[in-house]
Amino acid sequence: MTSAPRLRFAPSPTGFFHVGGARTALYNWALAERLGGTFVLRIEDTDESRNSPEWTQGIIDALGWLGINSDSPQFEGPYFQSHNADKHIAAAHRLFEQGNAYWCDLTSEQIQERAKASGKPGYDGFSRDRALGAGIGHVLRFRVPQGLTVVHDLVRGEVQFANETIEDFVLLRGNGSPMFLLANVVDDIDMAITHVVRAEEHLPNTPKQQMIWNALGAQPPLWAHVPVLVNEQRKKLSKRRDKVALEQYKADGILADAMVNYLMTLGWAPHGDTEIVSWSTMVEQFRLESVNHSPAFFDVKKLEAFNGDYIRALSPSDFIAACQPWLTASDVAWTPAQFDVAVFALVAPLIQTRVAVLGEVASMVDFFFLAEAPIDDASWAKAMSSEWARDVLDECAREYATCDWNHDSLKLVLEAIGAKRDLKLGKVQAPLRVAITGRTVGPPLFESIEFLGRDRTLGRIDAALLRLA
RNA sequence: GGCCCCAUCGUCUAGUGGCCUAGGACACCACCCUCUCAAGGUGGCGGCACGGGUUCGAAUCCCGUUGGGGCUGCCA
């Protein structure tokens, strides 16, 4: 126990990196940092049928995005479980020689038939005393001892399992390859892991794994099972049903810091009345003992609220830089030639308080870069329906042709036009806004007009007048 | 079905026997601000699943009920 803490994160590369995995990784990372320990990344790629190498890089990239940087001194790995197969098999044979495991030649079908006949589900220990040897199709099963297995869990306390409720589970498949339960433990022992922090779905595996630790003569680690993340139906987040890919949220324009902060608060809360806190504060305050015991709903609305806070906290230049990928994406409405960075730099402060995710930025500034206002039909119908709309626009065109070109005078001019007709600015700005921006909502109008310039503004008003005729 | 876990506003949580008339955040509603929409400010709505104990005193401890969830693979 005098050795430095060693934690591990052990994902299997079977798809896009999952937000639930991200939270588990973050808990491990935060703990490693506070405890002065090591975070070991181990890719559990022993499922021959579902693994694909490209997912591994995705995991590493996603972790890096979250700040779990493989260049950091507290990071170790990645290791690949498949590279350790020899050790897993050696351990299995040792368990057999010690009498902790035995060979069994029953097929899955035969086991099912026996279970059906006896009325008891699962494997009944049929081969326990048949003294079979290794052979084609023979699986090696752990001989679960009598008694009680007590798991000391840092988040849940003491959890007891009657061993008689645990069947003799498989260690080695019929083809000789090691299974998760075994490989996982052998690697943890081999890598001197001291803390196993993982999702609650692994709790039922824990007594089995603890038996393997003991049988292998090793001191079991400190266990900690954190609650699973669920969807609105309160079911565990699934890749099939739910939007769980971290990459997807990144593509939508969620900031890494916001994602990290939000994920950390799912099942845990920092001290005080605010949940928006720095990473260093979370590291300092995070305790497994204070992690909640019940499943947490992954609420995208709240994630986006956190993100909005983080966006507003960005300096103007950082915000501009953060927007770049969404301004130069292939699906933007304008051509690269139409885009003007200088103009965007001018308008960026106007939209920084108006977006929750960066993906919204492009559609909010498109009218600056398009040749014509991108008219939204519903907005047009709403703003141009008044009998005075055309008249106001007409006068506006004349006044704007000669007035001073700054947002204050542009506003004053329109205000005066409205006053003549006994209309508030809130009213008269509507047709002008739609003529210029195409929509009824958007960034402050007069600043936008100022940045757009006199020629293009007059052109858009004329276009609107023409359309109105 | 069996084993295990869990139970505070709709959601995420604070709360570890008296500071609780239960605090904050998201969402929602209202008002203020205001050129639209946001942002910001102020206020509001809204919760200890239920039933028994223990105790002078229970959201907090115990038991039961109910309700959720996880696992139950020669997947991880």
Side-chain angles (χ1 to χ4, degrees), chain A residues 10-14 44-51 81 104 106-108 111 119-123 137-141 151 153 155-156 159-162 164-167 169-177 179-181 183-184 199-207 225 227-228 230 232 234-236 262 265-276 290 292-299 301-306 308-309 312 350-356 364 379 383 407 410-411 414-415 418 424-430 432-434 437 439-448:
Chain A
S12 58
T14 56
E44 306 219 320
D45 55 346
T46 49
D47 179 347
E48 66 297 320
S49 61
R50 294 195 302 158
N51 286 326
Q81 187 156 71
C104 176
L106 255 38
T107 63
S108 304
I111 291 169
K120 290 177 188 162
Y123 178 69
H138 292 195
V139 301
L140 186 70
R141 287 184 179 272
V151 171
D153 190 288
V155 347
R156 280 152 214 288
V159 186
Q160 302 191 342
F161 299 85
E164 66 204 27
T165 66
I166 301 171
E167 67 178 40
F169 52 92
V170 175
L171 260 17
L172 250 31
R173 299 187 182 91
N175 65 8
S177 66
M179 294 233 358
F180 158 76
L181 251 14
N184 190 264
E200 190 194 349
E201 65 209 64
H202 287 289
L203 192 50
N205 290 326
T206 310
H225 291 89
V228 295
V230 298
E232 45 282 281
R234 299 249 119 211
K235 299 285 188 197
K236 188 174 74 162
Y262 177 66
T265 64
L266 246 27
W268 173 80
H271 306 329
D273 276 350
T274 173
E275 301 173 298
I276 307 280
S290 58
N292 254 303
H293 297 181
S294 35
F297 170 52
F298 184 80
D299 186 353
K301 273 277 201 322
K302 188 159 181 176
L303 202 213
E304 291 183 352
F306 269 48
D309 268 18
R312 276 169 249 127
L350 303 181
I351 62 167
Q352 191 168 354
T353 60
R354 292 176 166 77
V355 294
M364 210 164 270
S379 294
H407 63 267
L410 289 164
K411 179 182 175 186
L414 187 65
E415 236 162 4
K424 297 262 195 205
L425 186 56
K427 285 276 188 192
V428 283
Q429 61 93 38
L432 214 217
R433 177 180 292 279
V434 173
T437 73
R439 305 185 192 89
T440 53
V441 302
L445 221 212
F446 306 104
E447 281 88 341
S448 297

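Worth saying up front: this structure is predicted, and the values here are computed from it rather than measured. Within every chain, numbering begins at 1; the chains are lettered A, B, ... in the order of the sequence lines, protein sequences first and strands thereafter.
Nucleic acid contact class of Phe297(A) (heavy atoms, under 4.0 Å, all strands): sugar-phosphate only. Within the nucleic acid shown, Ser108(A) comes within 4.0 Å of at least one base atom, counting heavy atoms only. Within the nucleic acid shown, Pro295(A) comes within 4.0 Å of sugar-phosphate atoms alone, with no base atom in reach, counting heavy atoms only. Note on Ala296(A): only backbone sugar-phosphate atoms sit closer than 4.0 angstrom, heavy atoms only; bases stay farther off. As judged by a 4.0 angstrom heavy-atom cut-off over every strand, Gly308(A) is placed among residues making no nucleic acid contact. Within 4.0 Å of Thr107(A), counting heavy atoms only, lies at least one base atom of the nucleic acid. His202(A) comes within 4.0 angstrom of a base, heavy atoms only.
If you take CD of Glu200(A) and P of A7(B), they are 10 Å apart, rounded to a whole angstrom. Spacing between atom NE2 of His271(A) and atom P of U16(B) amounts to 13 Å, rounded to whole angstrom units. Taking atom CG of residue Leu266(A) and atom P of nucleotide U13(B), one finds them 6 Å apart after rounding to whole Å. Look at CZ on Arg354(A): it is 10 Å from P on U36(B), rounded to the nearest Å. For the pair Glu447(A) CD and A38(B) C1', the computed distance is 14 Å after rounding to whole Å. Separating the CZ atom of Phe169(A) from the P atom of G73(B) is a distance of 14 Å, rounded to the nearest angstrom. The CZ atom of Arg312(A) sits 12 Å away from the P atom of A38(B) (whole-angstrom rounding). Between the CZ atom of Arg173(A) and the P atom of G73(B) there is a distance of 14 Å, given to the nearest Å.
Of the candidate nucleotides A14(B), C35(B), C4(B), C4(B) has the atom nearest to the side chain of Phe161(A). Nearest nucleotide to the Met179(A) side chain, out of C35(B), C71(B), C74(B): C74(B). The listed nucleotides are A76(B), C74(B), A7(B); the one nearest the side chain of Ser294(A) is A7(B). Checked against A7(B), C12(B), C74(B), the side chain of Arg234(A) finds its nearest nucleotide in C12(B). Considering only side-chain atoms of Arg141(A), the nucleotide from C74(B), C12(B), C35(B) that sits closest is C74(B). Picking from C35(B), A76(B), G70(B) the nucleotide with the shortest atom distance to the side chain of Lys236(A) gives G70(B). Side-chain proximity of Glu201(A) to C37(B), C35(B), C71(B): nearest is C71(B). Counting only heavy atoms from C-beta on, His293(A) has its side chain closest to C6(B) among C37(B), C6(B), C71(B).
In a base pair of the Watson-Crick type (N1 to N3 plus N6-O4 or O6-N4) or a G-U wobble (N1-O2 and O6-N3), with each distance short of 3.5 Å, U60(B) is matched with no nucleotide. The nucleotide G43(B) finds its pairing partner in C29(B), both defining distances of the Watson-Crick or G-U wobble pair being shorter than 3.5 Å. As the counterpart of C71(B), G2(B) is assigned, both hydrogen-bonding distances of the Watson-Crick or G-U wobble pattern falling under 3.5 Å. Base pairing of U21(B) is not made with any nucleotide, judged by Watson-Crick or G-U wobble geometry with both donor-acceptor distances under 3.5 Å.
The side chain of Asn205(A) contributes no N or O atom lying less than 4.0 Å from OP1 or OP2 of U72(B). For the OP1/OP2 pair of G69(B) and a distance below 4.0 Å, the side-chain nitrogens and oxygens of Lys235(A) include at least one atom meeting the criterion. One finds a side-chain N or O of Thr46(A) lying less than 4.0 angstrom from the OP1 or OP2 phosphate oxygen of A76(B).
One P atom belongs to G41(B), the other to U60(B), and the distance between them is 35 Å to the nearest Å. Using atom P as the reference point in both G40(B) and C50(B), the two lie 36 Å apart (nearest Å). As rounded to the nearest Å, G15(B) and C20(B) have C1' atoms that lie 9 Å from one another. Taking atom C1' on both nucleotides, C26(B) is separated from G47(B) by 15 Å, rounded to a whole Å. Separating the C1' atom of A27(B) from that of U13(B) is a span of 15 Å, rounded to the nearest Å. Rounded to a whole angstrom, the distance from the P atom of A14(B) to that of C6(B) is 15 Å. Distance noted for atom P between C37(B) and A49(B): 41 Å (whole Å). For the C1' atoms, the distance linking C45(B) with U54(B) amounts to 36 Å, nearest Å.
Remark: side-chain polar atoms of Glu304(A) are not paired, donor with acceptor, to backbone N or O of Ala356(A) under 3.5 angstrom. Not one N or O on the side chain of His202(A) forms a donor-acceptor pair closer than 3.5 Å with the backbone of His225(A). Arg354(A) places a side-chain N or O within donor-acceptor distance of the main-chain N or O of Leu350(A), the cut-off being under 3.5 Å.
Residue order along RNA chain B, read from the 5' end via each residue's closest nucleotide, puts Val355(A) first among Pro11(A) and Val355(A). Residue order along RNA chain B, read from the 5' end via each residue's closest nucleotide, puts Gln429(A) first among Gln429(A) and Gly174(A).
No hydrogens or angles considered: a donor-acceptor pair under 3.5 Å links the side chains of Arg173(A) and Ser177(A).
Distance check, rounded to the nearest 0.5 Å: NZ of Lys236(A) to CD of Glu200(A) gives 10.0 Å. Atom CD of Gln352(A) is separated from atom CZ of Arg312(A) by 9.0 Å, given to the nearest 0.5 angstrom. The structure places CD of Glu232(A) at 9.0 Å from CG of Asp299(A), a figure rounded to the nearest 0.5 Å. In this structure, Leu445(A) CG and Leu425(A) CG are separated by 8.5 Å, a value rounded to the nearest 0.5 Å. To the nearest 0.5 Å, the span separating CG on Leu140(A) from CZ on Phe169(A) amounts to 10.0 Å.
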Report all interatomic pairs (protein N or O, nucleotide N or O of nucleotides 22-29 of chain B) with separations under 3.5 Å.
from, atom 1, to, atom 2, distance (Å)
G24(B), O2', Asp273(A), O, 2.3
G24(B), N2, Glu275(A), OE2, 3.1
A25(B), O2', Glu275(A), OE1, 2.9
A25(B), N3, Lys302(A), NZ, 3.0

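A donor and an acceptor atom never sit less than 3.5 Å apart when one is taken from the side chain of Arg156(A) and the other from the base of C6(B). Checked by distance alone, Ser12(A) brings no side-chain donor or acceptor within 3.5 Å of a matching partner on the base of A76(B). Remark: the Gln160(A) side chain and the C3(B) base include no donor-acceptor N/O pair separated by less than 3.5 Å.
At least one side-chain heavy atom of Asp153(A) sits under 4.5 Å from a side-chain heavy atom of Leu203(A).
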Q: With ring-ring contact (aromatic ring centres under 6.0 Å, His included) as the test, would you mind laying out the steps for Phe298(A) and Tyr262(A) before giving the verdict?
A: CA-CA 9 Å; Phe298(A) 184 80; Tyr262(A) 177 66; 5.6 Å; yes
